[in-house]
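First comes the structure, then the notes that go with it.
Chain letters run A, B, ... following the sequence lines, proteins first, then strands; residues in each count from 1.
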There are 2 protein chains.
Amino acid sequence: MMKLHSFFRSGASYRVRIALALKGLAYETVAHNLRTGEHKQPEFLRLNPQGFVPALELDDGTVLTQSLAICEYLEDAFPAAPALLPADPALRARVRAFCDVIACDTHPVQNLKVLGRLRAAGLDEAGVNGWAAKTIEDGFAACETLIADQPGPFCFGDAPTLADAFLVPQFVNARRFGAKLDAFPRLLAAEAACLALPAFKAAAPESQPDAD
Amino acid sequence: MMKLHSFFRSGASYRVRIALALKGLAYETVAHNLRTGEHKQPEFLRLNPQGFVPALELDDGTVLTQSLAICEYLEDAFPAAPALLPADPALRARVRAFCDVIACDTHPVQNLKVLGRLRAAGLDEAGVNGWAAKTIEDGFAACETLIADQPGPFCFGDAPTLADAFLVPQFVNARRFGAKLDAFPRLLAAEAACLALPAFKAAAPESQPDAD
């Protein structure tokens, strides 16, 4: 059985948990507590030298890293269970661009590592929280526009795609840092549609074996 | 003919130029000078509300954004011209993880927008350059490990993949910010192999119509 190296509060782990749950794929959770540095222990660094979660360990021992690459792998290896990217190449590119706005332009600029570096550089807590909130508001503004002409209730139509798997975890961070969300009605509606689904409930931080 | 909205010094535009050149696809460059704010003009914001380059305008007027998503589109739409991702799903995931280390963990944390925010937050120039160099060194350390067991001379074997298209532009930034590169012999060798190829020369910043 596949093993997902995960931390319940890790947004990037949450994305992969959603993709696995939407596809109905069984896996075992191997929890690494980022707060106590378990991801920097030699045993995990042998599996993933970057020391990041998530990492997906396949049955043959192959270890996949980076949430985007893992989700694309799941789509390549289990394409019809259901598909999380549309078939049309241009629409696939739009879904991927939505994911990239979150995975490239937003989350890495407000993750715990960067916020720690900002504190070390002298920013106070208000400055750090403001940095994170502004980053998320900018990213969400781009996301809202990318789906403005798309039917709902999900980001791209009547079934979840990878866009939803990336959006929902980012909302957790948005609320943690007090981002203003009124300008994003389409994103909020997609989040509500997602949170009503069993797959998203199963993948949620509070449903994980390592949740506290 | 496809139009690539680009800026000669934009690392993300450079990635897409490399992918287009490796696939031998014809396109017209539409240059936007990021230094004078041309990417924030209403005409371009109508095409790409995020105001970022690159954006790829297809023959039917569809506009694709985000360099990762554009490169994946080129692979979907022109798969055999040549392929820039391997066929094996687990190896595809490794190549994508390499791209993601650069496109998610590295470049967005040291791009001009973030460095400007750091200056506005009070960091001096030495602090800003140190932030960028450290970010790139961390990313390159992960990249070096991801290809340690792969044959050369390119990142993944005897032909360039998307990994090389993402690596080469990141080297430009690495040198600009004085990142220490001695620890990355495998990456340096891949870069040298790439720079000897006509496609990489054609895609280079200094070869662009808007280069100054």
Side-chain angles (χ1 to χ4, degrees), chain A residues 12 48-52 56 58 60 62-77 85 88-101 103-109 111 113-114 117-118 121-123 127-128 130-131 134-135 138-139 141-146 148, chain B residues 12 48-52 56 58 60 62-77 85 88-101 103-109 111 113-114 117-118 121-123 127-128 130-131 134-135 138-139 141-146 148:
Chain A
N48 178 13
Q50 206 176 5
F52 287 178
L56 185 68
L58 306 183
D60 69 359
T62 301
V63 177
L64 308 183
T65 60
Q66 292 286 336
S67 62
L68 267 174
I70 294 170
C71 288
E72 293 274 1
Y73 169 83
L74 295 175
E75 195 67 3
D76 282 344
L85 287 172
D88 173 68
L91 192 57
R92 287 167 80 82
R94 183 95 78 96
V95 174
R96 283 176 166 140
F98 185 104
C99 295
D100 296 344
V101 169
C104 303
D105 296 337
T106 308
H107 186 258
V109 186
N111 66 15
K113 183 176 176 184
V114 165
R117 292 176 71 187
L118 291 172
L123 261 71
V128 167
W131 172 288
K134 173 73 166 70
T135 302
D138 284 356
C143 288
E144 181 84 8
T145 306
L146 277 168
Chain B
N48 178 11
Q50 206 176 5
F52 286 179
L56 185 67
L58 306 183
D60 69 358
T62 301
V63 177
L64 308 182
T65 60
Q66 292 286 335
S67 62
L68 268 174
I70 295 170
C71 288
E72 293 274 2
Y73 169 82
L74 295 175
E75 195 67 3
D76 282 344
L85 288 172
D88 174 69
L91 192 56
R92 287 167 78 82
R94 183 96 76 96
V95 174
R96 283 174 166 141
F98 185 105
C99 294
D100 295 346
V101 169
C104 302
D105 297 336
T106 309
H107 186 258
V109 186
N111 66 16
K113 183 177 175 181
V114 165
R117 293 176 70 187
L118 291 172
L123 260 70
V128 167
W131 172 288
K134 173 74 165 70
T135 302
D138 284 357
C143 288
E144 181 84 7
T145 306
L146 277 168

>> Only pairs of heavy atoms separated by less than 4.5 Å count here; which of B:Lys113, B:Glu72, B:Arg117, B:Arg94 has the most with chain A?
In response: B:Arg117
>> Could you work out, with salt bridge (Lys or Arg N to Asp or Glu O under 4.0 Å) as the rule, every residue matching B:Asp88, not counting sequence neighbours?
In response: none
> Is there side-chain contact between B:Leu74 and B:Leu56, with at least one heavy-atom pair below 4.5 Å?
Replying inline: yes
>> For A:Phe52, which atoms come within 4.5 Å of any heavy atom of chain B: side chain, backbone, both, or neither?
In response: side chain
> Using a cut-off of under 4.5 Å for heavy-atom pairs, which of A:Val109, A:Asp76, A:Leu118, A:Val114 has the most such pairs with chain B?
Replying inline: A:Asp76
>> So which atom in A:Tyr73 and which in B:Ala90 form the shortest heavy-atom distance, rounded to 0.1 Å?
In response: CE1-N, 4.0 Å
>> Need one label for A:Thr135: side chain, backbone, both or neither, based on atoms under 4.5 Å from any heavy atom in chain B.
In response: both
> Which one of B:Ser67, B:Pro49, B:Ala69 has the most heavy-atom pairs closer than 4.5 Å to chain A?
Replying inline: B:Ala69
> Side chain, backbone, both or neither: which part of A:Leu68 has a heavy atom under 4.5 Å from chain B?
Replying inline: both
>> Heavy-atom cut-off 4.5 Å, strictly under: side chain, backbone, both or neither for A:Asp138 against chain B?
In response: side chain
>> I need the B:Cys71 SG to A:Asp100 CG distance, nearest 0.5 Å.
In response: 10.0 Å
> Checking A:Val63 against chain B: side chain, backbone, both or neither under 4.5 Å from a heavy atom?
Replying inline: neither
> Are the side chains of A:Gln50 and B:Leu146 in touch, meaning some heavy atoms are under 4.5 Å apart?
Replying inline: no
>> At a heavy-atom distance under 4.5 Å, which candidate from A:Leu123, A:Thr65, A:Val101 has the highest pair count against chain B?
In response: A:Val101
> Checking A:Arg92 against chain B: side chain, backbone, both or neither under 4.5 Å from a heavy atom?
Replying inline: side chain
>> Taking side chain as everything from C-beta outward and backbone as N, CA, C, O, which of these in A:Thr145 sits under 4.5 Å from a heavy atom of chain B? Side chain, backbone, both or neither.
In response: side chain
> To the nearest 0.5 Å, how far apart are OG1 in B:Thr106 and CG in B:Asn111?
Replying inline: 11.5 Å
